[in-house]
Number of protein chains: 2
Amino acid sequence: MDQAGARREPTMRDVAALAKVSTKTVSRVINGLPGAGQEVVDRVRAAARTLGYRPNLTASSLRRSDRRSATIGVLFEDLSNPFDSALLRAVEDRARQGGVLVLAGSSEDDRALQGELLISLSARRVDGVVVMAAGGHQDALQQERERGTPMVLVDRPPTFGGTDCVTTTNRDSSREAVLQLAALGHRDIAFLGDRRTLWTSQERYTGYLEGLAQAGLTLREELVRTDLHGADLAETATTALLDLDRPPTALFTAQNLVTVGSMRVLRARGLHHRVALIGFDDFPLADMLEPGITVVRQDVPGIGRKAAELIFARIDGDTSPPVHAVVPAALVRRGSGEIAPSAH
Amino acid sequence: MDQAGARREPTMRDVAALAKVSTKTVSRVINGLPGAGQEVVDRVRAAARTLGYRPNLTASSLRRSDRRSATIGVLFEDLSNPFDSALLRAVEDRARQGGVLVLAGSSEDDRALQGELLISLSARRVDGVVVMAAGGHQDALQQERERGTPMVLVDRPPTFGGTDCVTTTNRDSSREAVLQLAALGHRDIAFLGDRRTLWTSQERYTGYLEGLAQAGLTLREELVRTDLHGADLAETATTALLDLDRPPTALFTAQNLVTVGSMRVLRARGLHHRVALIGFDDFPLADMLEPGITVVRQDVPGIGRKAAELIFARIDGDTSPPVHAVVPAALVRRGSGEIAPSAH
DNA sequence: CTGAAAGCGCTAACAG
DNA sequence: CTGTTAGCGCTTTCAG
């Protein structure tokens with residue numbers, strides 16, 4: 001047995017020859033279609049088994065009128081990110097129910113790469129795609145969509161029309177977080193955000209502003225730090241904030257890794273029990289830290305299920321108007337967001 | 001624009017007609033093959049662009065002599081698990097370099113499901129598969145392998161021959177962990193493991209036994225708890241252990257979620273600074289807990305890269321003898337594993 | 001350098 | 001109930 005595996009795969013013709021029927025009859029049996037006598041069915045099945053026959057879906061879908069590949073594409077930012085992988089899993093679960101497989105790729109939030117992957121998916125004639133759009137213009141996505149490919153965007157909405165999307169309550173939940181901090185008496189609440197090109201970052205920032213305004217607080221621009229891509233940049237930014245003459249007494253970290261970066265600095269300075277912290281996006285073990293980290297938790301499986309539901313409905317021909325589904329997030333109070341401002 | 005996208009896709013024939021050449025010439029141009037005059041190339045490219053032509057890889061691979069689908073299958077236990085998703089990402093990165101896409105699925109450690117997914121992958125004629133074998137017999141895997149499908153197992157070795165695999169130093173690293181605990185003076189070291197059907201669990205248990213033996217400690221069977229699938233079961237088991245008349249002074253938790261479960265109980269009882277803990281598998285934020293959690297860290301990207309390397313070599317016809325690559329894990333000391341036994 | 005004919009494995013559309 | 005013919009979109013083979 002060699003790994004290359006050179007011997008020819010048996011085809012329907014081989015099965016037909018052995019069972020002494022036509023290929024059409026084999027096709028019927030293999031696909032479980034009616035119109036084949038029991039005896040013939042048994043004969044064909046036996047022949048298929050002895051030959052080790054395996055249907056070739058790519059050949060089948062090429063010829064079939066519906067042209068389905070029973071495969072969808074999933075294009076997220078980074079499949080090793082917990083948010084993305086939980087989303088993938090939710091989509092996969094739903095896909096499996098329909099015998100559909102998932103081609104998965106990471107775009108790294110890079111438009112060029114995303115475009116290439118989209119072309120690769122398209123070349124394989126996937127039935128639809130679920131995409132976490134890379135920041136900036138979405139020309140490639142729009143083009144693919146306009147070619148007729150069913151598409152659902154997740155996490156971030158399309159900048160073009162006619163396309164479904166599923167997002168969470170970025171703005172409302174951010175406002176809620178800020179209002180909770182303000183209610184505790186915080187007046188100097190910092191905002192630490194991911195790249196500004198990301199729609200989610202913008203929404204969360206807007207929610208922050210709304211929260212401040214609603215609480216009657218004035219925005220201190222030096223308390224706003226954005227474009228923090230990764231925990232390292234977040235650490236630097238947090239350090240700078242704490243070194244201000246009038247440092248913030250509470251932090252709203254608008255993304256996962258930013259939260260982690262800020263936490264590290266707070267702990268390193270022994271401030272984790274004095275400076276309040278609310279993060280957007282939950283993460284494993286957030287409840288086991290001291291204090292537990294208060295977060296805005298997205299319903300990731302819910303988002304994934306909804307996205308899958310939408311894409312399969314579209315694939316099945318649903319032509320109702322495009323939907324923008326918003327799956328609610330919830331504030332999970334664990335301690336870090338319930339710290340009152342410390343007296344000087 | 002409707003989501004169903006009904007209009008017919010342009011084919012090579014359409015491009016050929018518009019460019020006034022034969023389909024063969026279009027094929028040459030699209031695939032960048034030599035033997036086409038510059039002027040013709042330009043004409044074909046222009047025609048393809050105006051029609052919005054996209055090559056159909058499934059049709060192409062059906063006809064081509066190498067029969068490659070430029071797609072591989074990845075069948076892990078749970079794609080939403082950090083270990084699995086990090087592995088997927090590593091494989092994906094390597095695949096991308098060769099223009100290969102990844103069909104990903106979760107087997108949930110269920111043989112039947114794994115078998116179905118394997119058939120689905122096979123029906124799509126993937127060029128190879130990277131599999132985390134479900135526990136128990138591996139008949140389906142073996143069968144697929146014997147059909148000639150290039151295959152690499154990760155995390156767990158095959159129970160059949162002729163197949164590559166990539167694992168980590170389960171036994172050696174477990175022994176090292178136990179020896180470190182013994183060196184601190186611990187004599188009652190508990191073992192908490194995942195399902196015994198898993199090869200990794202068995203190996204880690206063997207390493208535990210070797211560690212005890214090498215340290216001159218006798219095995220206390222009531223300190224061994226296995227089949228702890230999930231954090232909840234681990235919590236129960238940890239509670240039971242701590243309630244023993246002579247409870248363990250150190251825990252070796254042989255899997256991710258088991259570690260988390262044990263940690264929860266230790267914290268709940270205020271024992272996290274008194275009972276030593278070493279876990280197998282790192283997890284995010286393990287360094288931010290109090291104390292930091294000492295773990296055996298696998299080189300997950302390294303495992304993924306190696307698996308990808310092997311599968312692509314086999315796909316490219318490498319017929320050298322099967323390899324069992326072992327990627328070293330490392331003990332990461334963070335505090336919890338450096339706690340000495342507390343005086344009564 | 002270019003093209004015509006054949007056919008990859010399968011299913012649609014019709015006959016019988 | 002079963003078979004025949006044609007052809008999905010592409011590449012191979014071989015002939016110009």
Side-chain angles (χ1 to χ4, degrees), chain A residues 6-45 47-48 51-71 122-127 147, chain B residues 6-45 47-48 51-71 122-127 147:
Chain A
R7 71 178 179 285
R8 201 178 66 83
E9 284 266 332
T11 73
M12 268 193 178
R13 255 167 72 159
D14 302 322
V15 176
L18 184 59
K20 304 206 187 305
V21 294
S22 72
T23 59
K24 176 68 214 182
T25 298
V26 177
S27 173
R28 279 192 269 254
V29 173
I30 294 297
N31 294 298
L33 296 175
Q38 189 55 49
E39 200 217 339
V40 174
V41 168
D42 293 342
R43 227 164 60 223
V44 170
R45 290 232 176 92
L51 290 177
Y53 170 76
R54 290 279 174 99
N56 184 330
L57 191 71
T58 87
S60 145
S61 83
L62 181 62
R63 190 60 183 85
R64 194 171 351 191
S65 50
D66 67 7
R67 275 302 209 297
R68 296 276 175 83
S69 60
T71 306
S122 170
R124 285 161 182 80
R125 295 299 189 267
V126 292
D127 299 331
R147 295 178 58 79
Chain B
R7 71 177 179 290
R8 200 179 67 81
E9 284 265 332
T11 73
M12 268 194 177
R13 254 164 76 157
D14 302 323
V15 176
L18 183 59
K20 303 205 188 304
V21 293
S22 72
T23 58
K24 175 64 212 182
T25 298
V26 176
S27 173
R28 277 194 269 256
V29 173
I30 295 297
N31 294 297
L33 296 175
Q38 188 55 50
E39 199 216 342
V40 175
V41 169
D42 293 342
R43 227 165 59 222
V44 170
R45 291 232 176 92
L51 290 177
Y53 170 76
R54 290 278 176 102
N56 184 330
L57 191 71
T58 88
S60 144
S61 83
L62 180 62
R63 191 61 184 83
R64 196 176 352 212
S65 50
D66 66 7
R67 274 307 178 34
R68 297 276 176 81
S69 60
T71 305
S122 170
R124 286 162 181 79
R125 296 299 189 266
V126 293
D127 300 330
R147 295 177 57 79

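So that the names make sense, note that chain A is the first sequence line, chain B the second, and so on, each numbered from 1.
Between A/Val26 and A/Arg13, the residue whose closest nucleotide on DNA chain C is further toward the 5' end is A/Arg13.
Contact annotation: the side chain of A/Thr25 never approaches that of A/Lys20 to less than 4.5 Å [non-hydrogen atoms, C-beta and beyond].
D/dT2 atom C1' lies 11 Å from atom CZ of A/Arg43, rounded to whole Å. With rounding to whole Å, B/Leu57 atom CG is found 14 Å from C/dC8 atom C1'. Here the P atom of nucleotide C/dC10 and the CZ atom of A/Arg54 are 13 Å apart, to the nearest Å. In this structure, CE of B/Met12 is placed 15 Å from C1' of C/dC8, rounded to the nearest angstrom. Residue A/Glu39 contributes atom CD, which lies 8 Å from atom P of D/dT2 at whole-angstrom precision. To the nearest angstrom, C1' of D/dC10 lies 13 Å from CG of B/Asp14.
Residue A/Pro10 comes nearest to A/Leu51 through the heavy atom pair CG-O, 3.4 Å, listed as atom of the first residue, atom of the second, then distance. In plain terms, the two heavy atoms of B/Ala19 and B/Ala47 that are nearest each other are CB-CB, 3.9 Å.
A salt bridge between A/Arg68 and A/Asp66 is absent, with no side-chain N of the basic residue lying under 4.0 Å from a carboxylate O of the acidic one.
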Applying side-chain contact (heavy atoms from CB on, under 4.5 Å) to A/Leu57 and A/Arg64, what does each step give before you reach the verdict? CA-CA 10 Å; A/Leu57 191 71; A/Arg64 194 171 351 191; 4.1 Å; yes
Apply the test side-chain contact (heavy atoms from CB on, under 4.5 Å) to residues B/Arg124 and B/Thr71: give CA-CA distance (whole Å), side-chain angles for both, the deciding distance (0.1 Å), then the verdict. CA-CA 9 Å; B/Arg124 286 162 181 79; B/Thr71 305; over 6 Å; no
From CA spacing to verdict: side-chain contact (heavy atoms from CB on, under 4.5 Å), A/Arg67, B/Glu9: CA-CA 11 Å; A/Arg67 275 302 209 297; B/Glu9 284 265 332; over 6 Å; no
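Panel note: side chain A/Ser69, backbone A/Arg125; a donor-acceptor pair is recorded below 3.5 Å. For B/Asp14 (side chain) and B/Thr11 (main-chain N/O), a donor-acceptor pair under 3.5 Å exists by modelled atom type.
Listed pair A/Ser60 / C/dG9 fails the phosphate criterion, with no side-chain N or O lying under 4.0 Å from OP1 or OP2. Taking side-chain N and O atoms only, A/Asn31 has a distance below 4.0 Å to OP1 or OP2 of C/dT11.
Between its two ends, the helix from C/dC1-D/dG16 to C/dG16-D/dC1 turns its axis by 30°, counting five pairs per end and rounding to 10 degrees.
Non-hydrogen atoms lying under 4.0 Å from DNA chain C are contributed by A/Leu62, A/Arg63, A/Arg64, A/Ser65, all within residues 61-71 of chain A.
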Dump the pairs, protein N or O against N or O of nucleotides 1-5 of chain C, anything under 3.5 Å, distances to one decimal.
| residue | atom | partner | partner atom | Å |
| --- | --- | --- | --- | --- |
| C/dT2 | OP2 | B/Gly37 | N | 2.5 |
| C/dG3 | OP2 | B/Ser22 | N | 3.1 |
| C/dG3 | OP2 | B/Ser22 | OG | 3.4 |
| C/dG3 | OP2 | B/Thr25 | OG1 | 2.7 |
| C/dG3 | N7 | B/Arg28 | NH2 | 3.0 |

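B/Ser27 pairs with exactly one of B/Val29, B/Ile30, B/Asn31, B/Thr23 by the side chain to side chain contact (heavy atoms under 4.5 Å, CB included) rule, that one being B/Asn31.
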